Amino acid sequence: VFYRGRMIYVLYTDDSILAGPDKDEIMQTVEEMKTKLNITIEGTLTDFLGVNIDRRSDGTIKLSQPKLIDQILHDLRLD
């Protein structure tokens, strides 16, 4: 996890997230990163490493792991 101003950059192996409140600042940072790294922009984030990400209209973000919950229930024979 790296911070730059009000942005946060999360890196795990070859998956990463760059997030922050200012889209222009994010895009400027992405362009700077492209000069040194081979990166792609996948669009709006809805899932990362098994965590579902739901951006709500009130500005909040809901994180959930339904696949993990289903697996635990299955393993415990509670499904």
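Computed from a predicted structure; not experimentally measured. Computed from heavy atoms alone, side chains included, the values below leave out hydrogens, waters and symmetry copies.
Qualifying side chain to side chain donor-acceptor pair (under 3.5 Å) partners for Asp58, counting only residues two or more places apart in sequence or in other chains: Thr60. Under the side chain to side chain contact (heavy atoms under 4.5 Å, CB included) criterion, Gln28 pairs with Glu32, sequence neighbours left out. Under the side chain to side chain contact (heavy atoms under 4.5 Å, CB included) criterion, Pro66 pairs with Asn52, Ser64, sequence neighbours left out. With sequence neighbours left out, Asp47 forms a side chain to side chain donor-acceptor pair (under 3.5 Å) with no residue at all.
Counting only residues at least two apart or in different chains, salt bridge (Lys or Arg N to Asp or Glu O under 4.0 Å) contacts with residues 61-79 are absent. Within the structure, the salt bridge (Lys or Arg N to Asp or Glu O under 4.0 Å) test picks out the following pairs touching residues 12-31 (sequence neighbours left out): Glu31-Lys34.
Following chains of ILVMFWY side-chain contacts shorter than 4.5 Å, one can reach Met7 starting from Met33, so the two form part of one hydrophobic cluster. A continuous path of ILVMFWY side-chain contacts below 4.5 Å connects Ile39 to Ile26, so both sit in one hydrophobic cluster. Criterion: ILVMFWY side-chain heavy atoms under 4.5 Å apart, direct or through other members. Under it, Tyr12 and Phe2 are not part of a common hydrophobic cluster. No path of Ile, Leu, Val, Met, Phe, Trp and Tyr side chains, each step under 4.5 Å between heavy atoms, connects Val1 with Leu18, placing them in separate hydrophobic clusters. By the rule that hydrophobic residues join a cluster once side-chain heavy atoms approach within less than 4.5 Å of another member, Tyr3 and Phe48 end up as members of one cluster.
Going from atom CD1 of Ile17 over to atom OH of Tyr9 covers 10.0 Å, rounded to the nearest 0.5 Å. Rounded to the nearest 0.5 Å, atoms CD1 (Ile53) and CG (Leu63) are 6.0 Å apart. How far OG1 of Thr46 is from CZ of Arg55: 11.5 Å, rounded to the nearest 0.5 Å.
Gln65 approaches Gly50 most closely through the heavy-atom pair CG-O, 3.8 Å. When every heavy atom of Ser16 is checked against every heavy atom of Leu11, the shortest pair comes out as CB-CD1, 3.9 Å.
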